[in-house]
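Naming convention: chains lettered A, B, ... in sequence-line order (proteins, then strands); numbering from 1 in each chain.
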2 protein chains.
Amino acid sequence: MTRLPLNTRITPSRKAMIDIFASTDHPLSAVQMHKLLKRLNINANITTVYRELEFLLNHTVIHKIDISGATTYYESSEGDHHHHAICTSCGNIQDVTISDEEAFLTNVRKPHDFTIKRHSVEFYGHCGTCN
Amino acid sequence: MTRLPLNTRITPSRKAMIDIFASTDHPLSAVQMHKLLKRLNINANITTVYRELEFLLNHTVIHKIDISGATTYYESSEGDHHHHAICTSCGNIQDVTISDEEAFLTNVRKPHDFTIKRHSVEFYGHCGTCN
DNA sequence: TATATAATGCAAATGAGTTGCATTAATAAT
DNA sequence: ATTATTAATGCAACTCATTTGCATTATATA
Ligand SMILES: [Mn+2]
Ligand SMILES: [Mn+2]
Ligand SMILES: [Zn+2]
Ligand SMILES: [Zn+2]
């Protein structure tokens, strides 16, 4: 929850994107966000969407969900730390938590002198409807 | 270690790529592999390299290392299961093992009805020389 | 109301990876 | 050894996500 810089201007697309991320539990791609904005009659350019995603990432309002060989998704940084399960058949993304993630991290035998800043954990497989 | 199909032809670039992966502990990108082949006087087209990587992936000779916002790397499937630490400053990739990974997996609270086929774990931060 | 500059639109560029198609070459069959 | 089959390849063109340069617009501030 870093504060946004004081020189940050509240533009319609920025406000809308922040609101959308805050009010949905579902990850979104840049293109999906672009379409959502259109539906709200906010006709931002896709470039603007990408730039705003970058901005929100930089200020930890959102974070990335990297999917192997596919488009990047983004979701709000609100809520507890968690990871994702991605269906390789339909692309469906679901939340995954690791109970006692502390223990998991202490079991990581990281390279000598490596300082871990963040980690990324994804599970790939088939969701209920694709099984 | 799935067998390669019986109709698989042993071409110079295929043999070289298999050998290279088998004899190095270092992950390689498609472009790096392409350059390595050149140095061995094997002038395969970059398309051929991509196609061969796909082939070797399909037959589990190698596997992917997905790096957030960067080029994909590949490494041999030989050796014990492990993960990676990626330096966000210099791109250096190092192996990471999780002791008692069994425990880690049993602590994963996966979505109901989701069948996990594989998982991906990466650590991002700064390596020794970039600290 | 005027000013500074953050944000935007648009077109063009980038970069990784993919695809279609004609050609070549590894292997099996004769 | 020769021929036939088809896997593998080269090349150019393409796709797709994302980025960049630059001129223009609009938000916040004075
Ligand atoms: Mn999530
Ligand atoms: Mn490795
Ligand atoms: Zn599914
Ligand atoms: Zn480094």
Side-chain angles (χ1 to χ4, degrees), chain A residues 2-20 27-38 40-59 61-75 86 88 91 93, chain B residues 2-20 27-38 40-59 61-75 86 88 91 93:
Chain A
T2 319
R3 279 276 153 283
L4 296 180
L6 1 80
N7 58 347
T8 301
R9 297 180 183 181
I10 312 297
T11 62
S13 51
R14 172 163 295 157
K15 186 177 182 327
M17 284 179 66
I18 292 175
D19 288 353
I20 288 169
L28 295 167
S29 69
V31 169
Q32 288 174 337
M33 172 60 78
H34 189 223
K35 285 176 184 159
L36 267 185
L37 291 173
K38 270 211 185 83
L40 296 172
N41 286 310
I42 295 172
N43 293 303
N45 193 277
I46 185 70
T47 302
T48 297
V49 173
Y50 276 112
R51 281 197 272 235
E52 186 63 18
L53 289 172
E54 191 63 28
F55 178 88
L56 296 177
L57 279 173
N58 286 340
H59 299 294
V61 174
I62 60 174
H63 56 256
K64 274 190 188 186
I65 302 174
D66 291 302
I67 301 178
S68 184
T71 304
T72 301
Y73 277 71
Y74 305 84
E75 68 177 357
I86 299 120
T88 53
I93 304 173
Chain B
T2 319
R3 281 275 152 285
L4 296 179
L6 6 78
N7 58 347
T8 301
R9 297 179 183 181
I10 312 295
T11 64
S13 52
R14 171 163 296 157
K15 186 177 182 328
M17 285 180 65
I18 291 175
D19 288 351
I20 287 169
L28 296 167
S29 69
V31 169
Q32 289 175 337
M33 172 59 80
H34 188 222
K35 286 176 182 159
L36 267 186
L37 291 173
K38 271 210 184 84
L40 296 173
N41 286 309
I42 296 172
N43 294 303
N45 193 276
I46 186 69
T47 303
T48 298
V49 174
Y50 276 114
R51 281 197 272 233
E52 186 62 19
L53 289 172
E54 192 62 28
F55 178 88
L56 297 177
L57 279 173
N58 285 339
H59 298 292
V61 174
I62 60 175
H63 56 256
K64 275 191 189 186
I65 303 174
D66 290 302
I67 301 179
S68 183
T71 305
T72 301
Y73 278 71
Y74 305 84
E75 68 177 358
I86 299 120
T88 53
I93 304 173

**Message:** Quick check on DNA chain C: between A:Thr47 and B:Ala30, whose nearest nucleotide comes earlier from the 5' end?
**Reply:** A:Thr47
**Request:** For A:Ser13, report the nucleic acid contact type (base, sugar-phosphate, nothing); a contact means any heavy atom under 4.0 Å.
**Result:** sugar-phosphate
**Request:** Rounded to 10°, tell me the angle between the two end axes of the helix from C:dT1-D:dA30 to C:dT30-D:dA1, each built from five pairs.
**Result:** 30°
**Message:** In whole Å, I'd like the distance from the CD1 atom of B:Ile67 to the P atom of D:dA17.
**Reply:** 21 Å
**Prompt:** Between A:Glu54 (CD) and D:dA17 (P), how many Å, whole number?
**Reply:** 17 Å
**Item:** Sub-4.5 Å side-chain heavy-atom contact between B:Lys38 and B:Asn43
**Value:** yes
**Prompt:** When you list every nucleotide of DNA chain C with an atom under 4.0 Å from a heavy atom of chain B, which one comes first 5' to 3', and which comes last?
**Reply:** C:dA16 to C:dT27
**Item:** CZ-CZ distance between B:Arg14 and B:Phe55, expressed to the nearest 0.5 angstrom
**Value:** 4.0 Å
**Asked** Between A:Thr71 and D:dA17, is there a side-chain N or O to OP1/OP2 distance below 4.0 Å?
**Response** yes
**Any side-chain heavy-atom pair of A:Met17 and A:Leu53 under 4.5 Å** = yes
**Asked** Are A:Val31 and A:Lys35 close enough that some pair of their side-chain heavy atoms sits under 4.5 Å apart?
**Response** yes
**Prompt:** For B:Arg51 and B:Pro12, take the nucleotide of DNA chain C holding the closest heavy atom to each; which residue's nucleotide lies nearer the 5' end?
**Reply:** B:Arg51
**Any A:Tyr50 side-chain nitrogen or oxygen under 4.0 Å from OP1 or OP2 of D:dT19** = no
**Prompt:** At their closest point, which heavy atom of B:Ile93 faces which heavy atom of B:Pro27, and how far apart are they?
**Reply:** CG2-CG, 4.0 Å
**Prompt:** Touch check for B:Ile10, heavy atoms < 4.0 angstrom, all strands: base, sugar-phosphate only, or nothing?
**Reply:** sugar-phosphate
**Item:** Rounded distance in Å - NE2 (A:His34) to P (D:dT18)
**Value:** 14 Å
**Message:** If I take atom CD1 in residue B:Ile42 and atom P in nucleotide D:dA8, what distance separates them, rounded to the nearest angstrom?
**Reply:** 16 Å
**Fill in**
By nearest-heavy-atom nucleotide on DNA chain D, the more 5' of B:Asn7 and B:Asn43 is B:Asn7
**Asked** Closest approach of B:Ile86 and B:Gly91, non-hydrogen atoms and distance?
**Response** CG2-O, 4.4 Å
**Request:** Using heavy atoms to find the nearest nucleotide of DNA chain D for A:Thr8 and B:Phe55 separately, return the residue whose nucleotide is more 5′.
**Result:** B:Phe55
**Item:** Length of the line joining A:Leu57:CG and D:dT18:C1', which is rounded to integer Å
**Value:** 13 Å
**Request:** Compare side-chain N and O positions of A:Thr72 against OP1 and OP2 of D:dT18 and report whether any pair is under 4.0 Å apart.
**Result:** yes
**Asked** Do the side chain of B:His34 and the main chain of B:Ala44 share a donor and acceptor less than 3.5 angstrom apart?
**Response** yes
**Fill in**
When every non-hydrogen atom of B:Asp66 is compared with those of A:Ser68, the smallest separation belongs to OD2-OG, 2.7 Å
**Prompt:** What are the two closest heavy atoms between A:Lys64 and B:Gly69, and how far apart are they?
**Reply:** NZ-CA, 4.4 Å
